[in-house]
Colleague: 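Sharing a structure with you now.
So you know, we letter chains A, B, ... as the sequences are listed, proteins then strands, and number each from 1.
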Protein chains: 2
Amino acid sequence: MTKKLLLKDVARLAGVSEMTASRALRGAPDVSAKTKAKIEEIARTHGYVPNRIAGSLSSQSVNLVAVVVPSLNSFVFPEVLSGISAVLKESPLKPVVGISGYDLEEEESVIREMLSWRPSGLIVAGLEHTEATRRMLQQADCPVVEVMDVDGDPVRHCVGISHLQAGRDMAAQILERGYRRIGFIGTKMPQDFRARKRFDGFTDELAVQGVTLADLEHYSGESAIQTGRLLTAQMLARSPDLDCLYYSSDVMSVGGLMHCLAAGLSVPGDIALAGFNNLQILQGLPQQLATTDACRREIGERAAGIILQSRQTGGAEGLILDQLGPAISLGETL
Amino acid sequence: MTKKLLLKDVARLAGVSEMTASRALRGAPDVSAKTKAKIEEIARTHGYVPNRIAGSLSSQSVNLVAVVVPSLNSFVFPEVLSGISAVLKESPLKPVVGISGYDLEEEESVIREMLSWRPSGLIVAGLEHTEATRRMLQQADCPVVEVMDVDGDPVRHCVGISHLQAGRDMAAQILERGYRRIGFIGTKMPQDFRARKRFDGFTDELAVQGVTLADLEHYSGESAIQTGRLLTAQMLARSPDLDCLYYSSDVMSVGGLMHCLAAGLSVPGDIALAGFNNLQILQGLPQQLATTDACRREIGERAAGIILQSRQTGGAEGLILDQLGPAISLGETL
DNA sequence: ATCGGTACCGCAAACGTTATCGATACCGGA
DNA sequence: TCCGGTATCGATAACGTTTGCGGTACCGAT
């Protein structure tokens with residue numbers, strides 16, 4: 001751990017001015033190939049790492065895109081992130097992730113922190129925010145994209161699916177196939193607005209067709225296969241006449257399938273199952289579970305695309321609202 | 001999107017100097033309660049977001065901890081991250097994640113990028129790096145912790161488990177239970193050094209006891225249940241006399257279990273199964289799969305703890321090598 | 001020999017905040 | 001009334017880099 005190495009040191013060692021060294025290392029023009037090679041050589045051998053704090057302050061530009069998501073454990077947001085990363089890879093921008101923990105106050109503080117670094121763009125999951133957060137998003141002098149959900153009032157750009165509609169569609173499918181004694185198992189995390197919207201859309205559509213939910217169970221904490229299995233067991237124990245279960249997440253429906261397997265219930269003969277997200281863990285299970293694809297990766301890709309586009313147009317690209325059409329896959333459990 | 005609001009504007013509006021405004025907003029001393037309240041009020045209503053780039057440059061301190069992991073899809077690193085976040089939550093530090101994609105060159109560039117922001121600490125998964133990366137880590141003027149693995153030559157601090165030993169231990173357990181026709185299914189990602197070490201330890205221990213691997217399969221790409229299922233099917237088709245399978249990941253062993261379920265094979269009667277990581281998805285499956293706990297969360301917690309400790313001691317804490325003892329859980333499949 | 005043009009390079013001034021130190025006002029005690 | 005001390009505040013100089021502009025050297029053409 002030697003003395004801190006500054007641009008001025010590299011310049012001195014190369015016998016040039018700081019400016020020339022700076023240009024050389026950034027690949028800027030106006031440096032002869034020979035001088036550039038020499039400077040790069042010196043920087044490399046001495047392990048010079050430029051101070052981007054100073055650089056960004058000076059150039060008034062930060063090549064980072066802030067991405068704020070509720071969690072990384074839930075299997076769903078990592079894939080959004082891959083989409084973002086893949087698209088940004090072709091640009092100088094890099095994603096930086098912040099976790100809000102399904103908590104709007106925490107989200108506010110995370111976003112404030114992110115914006116204080118003056119990123120080139122901000123991608124945030126969800127349309128629900130505190131008032132202060134909305135103000136920050138409006139005033140931010142970088143493109144802002146709210147993702148995952150389109151049911152609400154976006155601050156600026158928005159890419160996502162309608163969870164209300166996803167719930168309705170699944171209800172319609174379930175009813176069309178003749179199921180009538182329907183149970184719902186979903187998160188009660190008060191701030192998982194999207195799960196809530198699917199639930200609302202689901203029950204709405206049931207109501208339209210004169211059906212009411214036969215049983216309902218809420219759980220708190222992160223979704224887990226184990227939780228899905230236990231809650232399914234409980235619900236079927238107290239409501240043995242159910243013919244279909246809709247879960248707020250695939251992780252839970254997998255648990256449901258596991259219970260049915262263990263209990264010797266035939267699916268969908270004895271009980272039909274459906275989840276949401278189309279997670280990768282559905283592949284390879286004993287049965288292909290019914291689900292709705294949440295277009296996670298594509299949402300990430302498009303959001304990143306909007307950030308890039310906005311960089312080019314200089315923010316004059318108008319409001320973009322990109323509603324994707326999620327596809328239900330019935331699998332073998334409906 | 002109004003004009004950019006600077007500290008100078010807040011100060012002017014409050015009728016104080018920039019310094020006083022700065023102090024007030026940072027909670028520094030030497031500001032009267034009344035002035036502070038006024039400044040905070042103005043900052044809040046006008047939506048002032050401090051520019052931490054300028055702040056960090058001036059104060060020569062950045063409250064960020066860089067965390068570099070190979071992937072976020074693999075179920076394993078998000079949990080390390082939770083551990084880190086949980087511990088850092090009690091401090092002003094915040095984690096920032098970088099993804100290296102199991103690629104040492106990419107890792108080098110990600111770490112360079114991270115260090116160029118002059119973070120207060122760096123946590124990186126794995127002990128294998130390019131030469132340039134090692135130099136950077138050595139020269140970094142912040143605490144550096146290499147995590148997950150202890151089989152190698154750490155640059156500075158290190159927290160992890162011995163994957164070599166984990167492989168040996170599992171082999172010992174398997175042999176002790178009488179299995180002799182053993183197959184291995186693992187990733188061939190050339191850079192997943194830890195999976196490789198488990199494989200080496202595993203075969204070493206087999207060799208010590210005079211047993212050689214009966215069959216072996218490598219796959220590329222991320223682990224998936226589906227992949228585990230397919231490869232298990234293939235391997236059992238060509239080597240029907242196997243009595244035990246060891247996988248480089250739980251995700252794969254779950255796929256194995258699914259195949260056995262579908263094929264009507266009894267586990268462990270017909271074939272025993274064991275994986276690695278002790279992922280949450282193991283909970284709630286038809287059978288409790290054998291696995292080794294990788295201490296993911298604890299590794300994250302301890303790594304973050306070292307960063308905090310080093311902040312206090314000012315880097316005079318000496319080298320820390322923290323080897324955790326991973327526990328095998330036999331489950332019901334061995 | 002002179003000139004316009006280009007390639008290369010350096011000087012000085014930012015960028016927005018905080019550290020440091022000094023200044024002022026005010027208070028209680030002598 | 002004067003003085004030392006504390007509480008509160010402000011002016012100035014960093015922090016390490018890049019932007020903007022100006023300068024020099026050199027080339028070919030006249």
Colleague: Does dT17(C) have OP1 or OP2 sitting under 4.0 Å from an N or O in the side chain of Tyr48(B)?
Modeller: yes

Colleague: Can you tell me which residue pairs pass the ring pair (Phe, Tyr, Trp, His ring centres under 6.0 Å) test with a partner in residues 56-96 of chain A, sequence neighbours excluded?
Modeller: Phe75(A)-Phe75(B)

Colleague: Roughly how many Å is it from CG in Leu7(A) to C1' in dC11(C), rounded to a whole number?
Modeller: 15 Å

Colleague: Taking only the side-chain nitrogens and oxygens of Gln60(A), find out if one of them lies under 4.0 Å from OP1 or OP2 of dG16(C).
Modeller: yes

Colleague: So what does Thr35(A) hit on the nucleic acid, given a heavy-atom distance under 4.0 Å: a base, only sugar-phosphate, or nothing?
Modeller: sugar-phosphate

Colleague: Have Glu108(B) and His129(B) got a donor and an acceptor in their side chains that come within less than 3.5 Å?
Modeller: no

Colleague: Kindly write out the residues that satisfy side chain to side chain donor-acceptor pair (under 3.5 Å) with Arg194(A), not counting sequence neighbours, or none if the list is empty.
Modeller: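 If we apply the side chain to side chain donor-acceptor pair (under 3.5 Å) test to Arg194(A), skipping adjacent residues, there are no hits.
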
Colleague: Given axes from five pairs at either end, by how many degrees does the helix from dA1(C)-dT30(D) to dA30(C)-dT1(D) bend, rounded to 10°?
Modeller: 50°

Colleague: Suppose we screen for side chain to side chain donor-acceptor pair (under 3.5 Å). Which residues come up paired with Ser74(B), at least two apart in sequence or across chains?
Modeller: none

Colleague: Tyr102(A): which residues meet the ring-ring contact (aromatic ring centres under 6.0 Å, His included) condition with it, sequence neighbours left out?
Modeller: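 For Tyr102(A), no residue satisfies ring-ring contact (aromatic ring centres under 6.0 Å, His included) once neighbours in sequence are set aside.
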
Colleague: Between Ser58(B) and Glu18(B), just flag the one whose closest nucleotide in DNA chain D comes earlier from the 5' side.
Modeller: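 Looking at the nearest nucleotide for each, Glu18(B) comes out on the 5' side.
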
Colleague: Can you tell me the distance, in whole Å, between the CG atom of Leu57(B) and the C1' atom of dT18(C)?
Modeller: 10 Å

Colleague: Could you state the CG-P distance from Leu6(B) to dA14(C), rounded to the nearest angstrom?
Modeller: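 One finds 15 Å between P of dA14(C) and CG of Leu6(B), rounded.
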
Colleague: Determine the minimum heavy-atom distance between Val159(B) and Ile299(B), stating which atoms define it.
Modeller: O-CG2, 3.9 Å

Colleague: For Leu13(B), which residues count as a side chain to side chain contact (heavy atoms under 4.5 Å, CB included) partner, sequence neighbours excluded?
Modeller: Ile42(B), His46(B)

Colleague: Using the test side chain to side chain donor-acceptor pair (under 3.5 Å), find all partners of Ser120(B) that sit at least two apart in sequence or belong to another chain.
Modeller: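 Scan of Ser120(B) (side chain to side chain donor-acceptor pair (under 3.5 Å), adjacent residues dropped) gives none.
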
Colleague: For His157(A), check ring-ring contact (aromatic ring centres under 6.0 Å, His included) against everything at least two apart and list the hits.
Modeller: none

Colleague: Using the heavy-atom set of chain A and a strict 4.0 Å cut-off, write down the first and last nucleotide of DNA chain D that makes it in, 5' to 3'.
Modeller: dG16(D) to dT19(D)

Colleague: For Glu106(B), which residues count as a side chain to side chain donor-acceptor pair (under 3.5 Å) partner, sequence neighbours excluded?
Modeller: none

Colleague: Which residues within residues 20-34 of chain A lie with some heavy atom under 4.0 Å of an atom in DNA chain C?
Modeller: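 Heavy-atom cutoff 4.0 Å gives Thr20(A), Arg23(A), Asp30(A), Val31(A), Ser32(A).
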
Colleague: In a table with atom names and distances, give each donor-acceptor pair under 3.5 Å that connects a side chain of residues 81-89 of chain B to protein atoms at least two apart or in another chain.
Modeller:
residue	atom	partner	partner atom	Å
Ser82(B)	OG	Pro78(B)	O	2.9
Ser85(B)	OG	Leu81(B)	O	3.0

